[in-house]
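Convention: sequence-line order gives letters A, B, ...; per-chain numbering from 1.
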Amino acid sequence: MAKEYNFREIEQKWHQEWVKRGTYRVKEDKGRKKFYVLNMFPYPSGAGLHVGHPLGYIASDIYARYKRLQGFNVLNPMGYDAYGLPAEQYAIKTGQHPEKTTFQNIDRYREQLDRMGFSFDWDREVRTCSPDYYHWTQWAFQRMFEHFFGCPLPTSPKGEANVPKARPIEELTAYLEKYGTEGLDAYGVAQGEDLNFSAEEWKGWDEKKRSDVLMNYRLAFLGETMVNWCPALGTVLANDEVVNGVSERGGYPVEQKKMRQWCLRVSAYSQRLLDGLETIDWSESIKETQRNWIGRSEGAEIEIKAVSKKGDSEEETSFTIFTTRADTMFGVTFFVLAPESELVDKVTTPEQRKAVDEYIKYVKSRTERERMIDHTVTGVFSGAYGINPITGDKCPIYVAEYVLAGYGTGAIMAVPAHDSRDYAFAKHFDLPIIPLIEGADVSQESYDAKEGVVMNSPISPEKSVEYDGESLCLNGLSIKEAIAETKRFVKAHKLGRVKVNYRLRDAIFSRQRYWGEPFPVYYKKGIPTMIPEECLPIQLPHVESFLPTETGEPPLGNATKWAWDEKNRKIVDKNLIDEETVFPIELYTMPGFAGSSAYYLRYMDPHNDKALVSDDAAAYWQNVDLYVGGSEHATGHLIYSRFWNKFLFDLGVSKKDEPFQKLINQGMIQGWSSFVYRLRNTNKFVSFDLLEEQYDEAKKKSLYYYQGTEADPVYADISMVNGNVLNVEKIRQWAAEFRDAEFILNGNGQYIVSQAIEKMSKSKYNVVNPDDICENYGADTLRLYEMFLGPIEQSKPWDVAGIDGCFRFLKKFWQLFWDKDGSLAADDSEATAENMKTLHKLIKKVTADIESFSYNTSVAAFMVAVNELSNQKCRSRQVLSVLPVLIAPFAPHIAEELWEALGNETSVCDAKWPAFDEKYLVESSVRLGVQFNGKVKFSMDFPVDATPDEMVSQVMAADEAQRFLNGMQVVKTIAVPKRIVNIVVKPKG
RNA sequence: GCCCAGAUGGUGGAAUUGGUAGACACGAGGGACUUAAAAUCCCUUGACCAUUGCGGUCGUACGGGUUCGAGUCCCGUUCCGGGCACCA
């Protein structure tokens, strides 16, 4: 009897062995080079893992194992992102406390992960919801609170490089004490607020006022921001949770509300986040996404004088506009303010007051979302006029919602000829349009392109105001030159300044939720104060009622023991609050991204209770060499994490400016959703091929009818379907709604379902569970198959059909090592040249493929090699003993088993990755196609080292060539060694 | 609207980066073994024409171009996916 490939036995055995031997435990080892591989840690949802989850884990595990075989000291950890909204939603849905469900889900995940044979060092596991872990989330938050961002101040320690970074807030307070805001260069003055004061003023203020002022600079700060507030749900909602002004869940009204929230000053790091992208090895598309998100734009801020007639007198104020098109100053025909801008109130004339107030009321009634979708032109005249400093023209100032308060200065100059939004507005309000680019036709639409030659700038010389004897003229310049020239002019005559703006917003950092990190903050007489560092972590109190409350009180308000006793430095009952020594603690919790922002640092030193990470560990592991995860985190986690790391880098905690050197974005594995069709208002289901399709233009989807009755699609579980044929008996047992249903079958007696490729999700009943695959084929087959499916970066639907091919391959691979009688086939016979060629071809291919993450082609290379060796009847130990090492990254269980069978006592993980030797691959001759006029006519063998001349003369001498040379003359010959021989001929004469 | 990435057999996907397109796998068809099934093995499988032989023609979304030679490079078009979006 041949020895059977018993994957169940093998895999179980090695799971136990690995644990017993501690095969995957990692220690810092200064003698070896480190390599840090990381997956985005999973969110343990109630549904468990589906086949899509392991894709990235397998890919990174292959790389980690490969690097280890190459002699690197590899860190490959795993943990759980366990705090946040989904965990809480799941708990609410199942009526269980999140503490309970989260730990249940984690256990289930662990069980599933363990089956797949990953080389994770579980001793380093982190859970964001564990106090040992969030201790350091809270710690980092406190440090952000205690820092501001900027270049060294005169009050900073001497000798610091003049680069902007996080600096202790004490340097700022020392400055303010000495100089006030005079000459201060620190990031973070609140938008639109005039924050200038003298040292005397500062000294005169009380603690509360100073605290408020410093909030404008702290990297973690309390700020007033507009949020989508849903009173019925008692929580803030994200933009995507609001649809048409009502909550997505429940349809409750949502209002715009200004709320005091904790925020992180991510925007301070805009330029560094942008610059850092140049130094990391990420895909161009994800870098581009981040660049868009950061949204740097270079432009100019220009001061505009405004006059409003109030009664008989004229009142003069001024405002600042931001533009990237300084060259279009001569085309300005009006100005626009954002409705939320504080200037609106200042400039509005009494005559226009009523109209403006009404307009602002209307704008306030609209949600952020409505404003995004609906671009109809709205606006109102303020009654005031702005004076264009370049032309001296007096242009009306409008208030319109198309100008956003949060970007730039909340005020713009409108150039209808060269901006489509201004154009639409000008047409609507019948305002003049002055074209500025030669040849641009602006009678139908604006000319927005940044190409062309400037004209009408000015229309006539007197239309350009003189400053110190100089007036601006841009006529004849290209747009680029005109922009530069205008900037120079504006700067030289102090009409404004050159300015860079970023779209990146500060992150709102608090949630009215229970299941998150509590803030280590208490309110001492209304002043937010940090709980002393050595008292951390502040543990999340257990509360029975964790649901958001209707009044908007955060659930932490239900905690009875939730006040800070400053004197005794501990948490006490909130009834003891006296505002003298016992103070209320912050009731908000941190958002999901708090815990996931620096977890990669914690893996380096997960049990340290003195620091987030020890200096030694951080110095050894540096940063993540290879990070694997979904691209959906491009503008979330991957921005926050980079921000967080840069902050910790400024503090010296993190040793690298960028946390993730190389990033691979694995694609999604989609599921095949299946639909059965129920005739409306009946319990009859009709086979899909019997339905008539009609396309509904209004709903933009197909509707289905059977004998005039509309049929509605209903999800059927993927396990009920074979191909596209429904197992009727099975579905009757699956859910009550089908038990007594009538199924109308097609002519073949089958019920056909319709199918769609969708994201794998429990609610779509298209989830394929990796456990079933492991059960039927084994983890090695699953690993191999998921890699074989295609490039890891690509999204693709799960199709179980091809898995047999990988299973067959592993069986063949296994059989290579065993004789018919079940004894080991490997012997001491010498490997043939053919054997060695196959082996080294494989080594070369697999090595190159792993380095470039082309795992699908390396699996194919294995299949070819095994077929060849099998045909060669190779028994040589010289060859066979290399194979388990090569396959170990992909299929570790079978590799270990064969490695042991070959008589090795150590784990295959500690073997050495084989080097390929070119000498086995060198051919004595190479077969090349011979072309005439670029068409391959026949093939010939050439010596590998043949020169072009030799190749050509060999072709000319060949009998086959005479056919094509007959009656022809040679025009040209092209011969590239090992590549191609081409003879260009044409008829003689 | 702007930006990014794509389009190759019935299917998933290869192609040394400009050098014989379709590796490998699935599916399909045919055959061997078997009482039978499963498992295993062998052959065929881009299209069309020829098939008693060689073989020939066309083919990488579409239209052009560069080149001895293009799936690969350039220009234009169409379609699909992703991101951003009154960001001045």
Side-chain angles (χ1 to χ4, degrees), chain A residues 2 4 283-297 299-300 321-326 328 336 338 371-378 400-415 418-422 424-425 448 501-505 631-632 634-635 665 667-668 723 784-785 788-791 793-806 808-809 811-812 815 844-845 848 854 856-865 867 927-939 971-976 978-985:
Chain A
E4 199 195 336
S283 76
E284 203 40 51
S285 72
I286 208 151
K287 282 193 197 178
E288 197 58 32
T289 301
Q290 290 212 340
R291 283 190 201 107
N292 283 343
W293 190 256
I294 295 166
R296 179 191 158 102
S297 59
I321 56 98
F322 175 74
T323 181
T324 54
R325 289 294 300 273
T328 58
V336 189
R371 275 177 77 169
M372 272 186 206
I373 296 166
D374 175 20
H375 288 183
T376 43
V377 176
T378 66
E401 59 177 336
Y402 84 89
V403 173
L404 304 177
Y407 185 75
T409 58
I412 63 152
M413 62 179 212
V415 185
H418 302 292
D419 182 288
S420 53
R421 295 154 304 184
D422 298 344
F425 195 85
D448 291 20
N501 264 327
Y502 301 90
R503 197 155 59 212
L504 186 66
R505 304 291 174 82
S631 57
E632 67 272 21
T635 54
N665 298 115
M668 239 185 337
L784 225 44
Y785 182 56
F788 187 63
L789 227 41
E793 267 129 328
Q794 228 159 71
S795 289
K796 54 237 152 186
W798 176 260
D799 181 7
V800 79
I803 202 163
D804 286 306
C806 288
R808 265 175 224 150
F809 158 72
K811 282 196 280 191
K812 279 184 207 164
Q815 290 307 334
K844 188 179 181 180
K845 178 76 178 148
S854 317
N856 56 332
T857 51
S858 43
V859 174
F862 272 111
M863 291 175 174
V864 173
N867 265 335
R927 193 161 187 83
L928 295 180
V930 175
Q931 303 180 348
F932 283 86
N933 289 346
K935 300 249 178 200
V936 180
K937 297 301 181 188
F938 59 93
S939 299
V971 176
K972 196 172 173 185
T973 60
I974 299 110
V976 183
K978 292 194 215 174
R979 287 270 185 258
I980 201 80
V981 182
N982 189 9
I983 315 287
V984 184
V985 291

Between the CD atom in A/E793 and the OG atom in A/S285, the distance rounded to the nearest 0.5 Å is 8.5 Å
Using Watson-Crick geometry (N1-N3 plus N6-O4 or O6-N4) or G-U wobble (N1-O2, O6-N3), each under 3.5 Å, B/rU45 is paired with B/rG27
- Query: If only side-chain N and O atoms of A/N856 are considered, is one of them under 4.0 Å from the OP1 or OP2 phosphate oxygen of B/rA14?
  - Reply: yes
Please check this pair: side chain of A/K812 against backbone of A/M863, looking for a donor-acceptor N/O pair closer than 3.5 Å. no
Side-chain contact check for A/K811: nearest option of B/rC86, B/rG13, B/rU40 is B/rU40
On RNA chain B, more 5' by nearest nucleotide between A/R503 and A/T857 is A/T857
Rounded to whole Å, CD of A/E4 lies from P of B/rA38 at a distance of 18 Å
**Request:** Could you give me the CA-CA distance, side-chain angles and deciding distance for A/S297 and A/N501, then say whether side chain to side chain donor-acceptor pair (under 3.5 Å) is met?
**Result:** CA-CA 5 Å; A/S297 59; A/N501 264 327; 5.5 Å; no
Whole-Å distance, A/Y502 OH to B/rA88 C1', equals 17 Å
Among the nucleotides B/rG13, B/rA88, B/rA25, whichever has the atom closest to the side chain of A/V403 is B/rA88
Could you check whether A/T376 gets within reach of a base, just the sugar-phosphate, or nothing at all, counting any heavy atom under 4.0 Å?
base
Quiz prompt | P-based separation of B/rC3 from B/rG13 [nearest Å] | solution = 28 Å
On the nucleotide B/rA88, are OP1 or OP2 found under 4.0 Å from the side-chain N or O atoms that A/Y407 carries? yes
From NZ of A/K845 across to C1' of B/rU16 the rounded distance in Å is 8 Å
C1' gap between B/rG81 and B/rA5, integer Å: 8 Å
Any strand, both distances under 3.5 Å, Watson-Crick or G-U wobble: B/rG53 pairs with none
Its glycosidic angle compared against 90° from 0, B/rU17 adopts the form syn
| query | Can you tell me how far P in B/rU20 sits from the matching atom in B/rC33, rounded to whole Å? | reply | 41 Å
For B/rU16, the nucleotide meeting Watson-Crick or G-U wobble distances (both under 3.5 Å) is none
*Which value, in whole Å, describes the distance between the P atoms of nucleotides B/rG59 and B/rG64?*
11 Å
Between CD1 of A/I803 and P of B/rG12 the distance, given in whole Å, is 18 Å
Among the nucleotides B/rA88, B/rC68, B/rC26, whichever has the atom closest to the side chain of A/N982 is B/rC68
Judged by nearest nucleotide, the residue sitting upstream toward the 5' end of RNA chain B, A/T289 or A/T324, is A/T289
(Q) Contact between A/T857 and A/F788 at the side-chain level, heavy atoms closer than 4.5 Å - yes or no? (A) no
Applying the 3.5 Å cut-off to both distances, the Watson-Crick or G-U partner of B/rG71 turns out to be none
dist A/R296:CZ -> A/R291:CZ (nearest 0.5 Å) comes out at 12.5 Å
| said: Distance check, P atoms only: B/rC24 and B/rC62, in whole angstrom units. | reply: 26 Å
Worksheet item: How far, in whole Å, is B/rC75 from B/rG1 if one measures between their C1' atoms?
Response: 23 Å
Query raised in the report: Taking the six-membered ring for Trp, is the centroid-to-centroid distance between A/Y785 and A/W798 below 6.0 Å?
Result: yes
A/L784 CG to B/rC24 C1', in whole Å, measures 12 Å
Quick note, A/T635 side chain, CB onward, closest among B/rC26, B/rC24, B/rC84 is B/rC84
Checklist entry - Parallel, tilted or perpendicular for A/F322 and A/Y407, by the 30°/60° rule? => result perpendicular
Taken to the nearest whole Å, CZ/A/F809 to P/B/rC41 is 13 Å
Partner of B/rC86 under the Watson-Crick or G-U wobble criteria, both distances under 3.5 Å, comes out as none
Taking B/rA88, B/rG13, B/rA25 as options, the one with an atom nearest any side-chain atom of A/F788 is B/rA25
Rounded to whole Å, CG of A/L404 lies from C1' of B/rC86 at a distance of 6 Å
Looking only at heavy atoms, the pair that brings A/L404 and A/A338 closest together is C-CB, 3.8 Å
Syn within 90° of 0, anti beyond: B/rG56 is anti
Ranking B/rA88, B/rC68, B/rA23 by distance to the side chain of A/A860, first place goes to B/rA23
Could you list the protein-to-nucleotides 1-11 of chain B atom pairs, N/O on both sides, closer than 3.5 Å?
residue	atom	partner	partner atom	Å
B/rC3	O2'	A/E288	OE2	3.2

Taking a pair to mean Watson-Crick or G-U wobble geometry with both distances below 3.5 Å, B/rC62 pairs with B/rG76
- Message: In whole Å, measure the gap between the C1' atoms of B/rC74 and B/rU67 for me.
- Response: 12 Å
With the side chain defined as heavy atoms from C-beta on, A/K812 is closest, among B/rG13, B/rA88, B/rC41, to B/rC41
Does OP1 or OP2 of B/rA39 have a side-chain N or O of A/R808 closer than 4.0 Å?
no
With the side chain defined as heavy atoms from C-beta on, A/E401 is closest, among B/rA14, B/rC86, B/rA88, to B/rC86
Between A/Y402 and the options A/T378, A/T376, A/D422, the side-chain hydrogen bond (donor to acceptor under 3.5 Å, both in side chains) test singles out A/D422
Applying the 3.5 Å cut-off to both distances, the Watson-Crick or G-U partner of B/rA39 turns out to be none
Whole-Å distance, A/N867 CG to B/rC41 C1', equals 12 Å
Is there a side-chain contact between A/M413 and A/T328 in this structure, where contact means two heavy atoms from C-beta onward sitting under 4.5 Å apart?
yes
Notebook entry, point to check: Taking the C1' atom of each, how far is B/rG76 from B/rU17, in whole Å?
Noted result: 25 Å
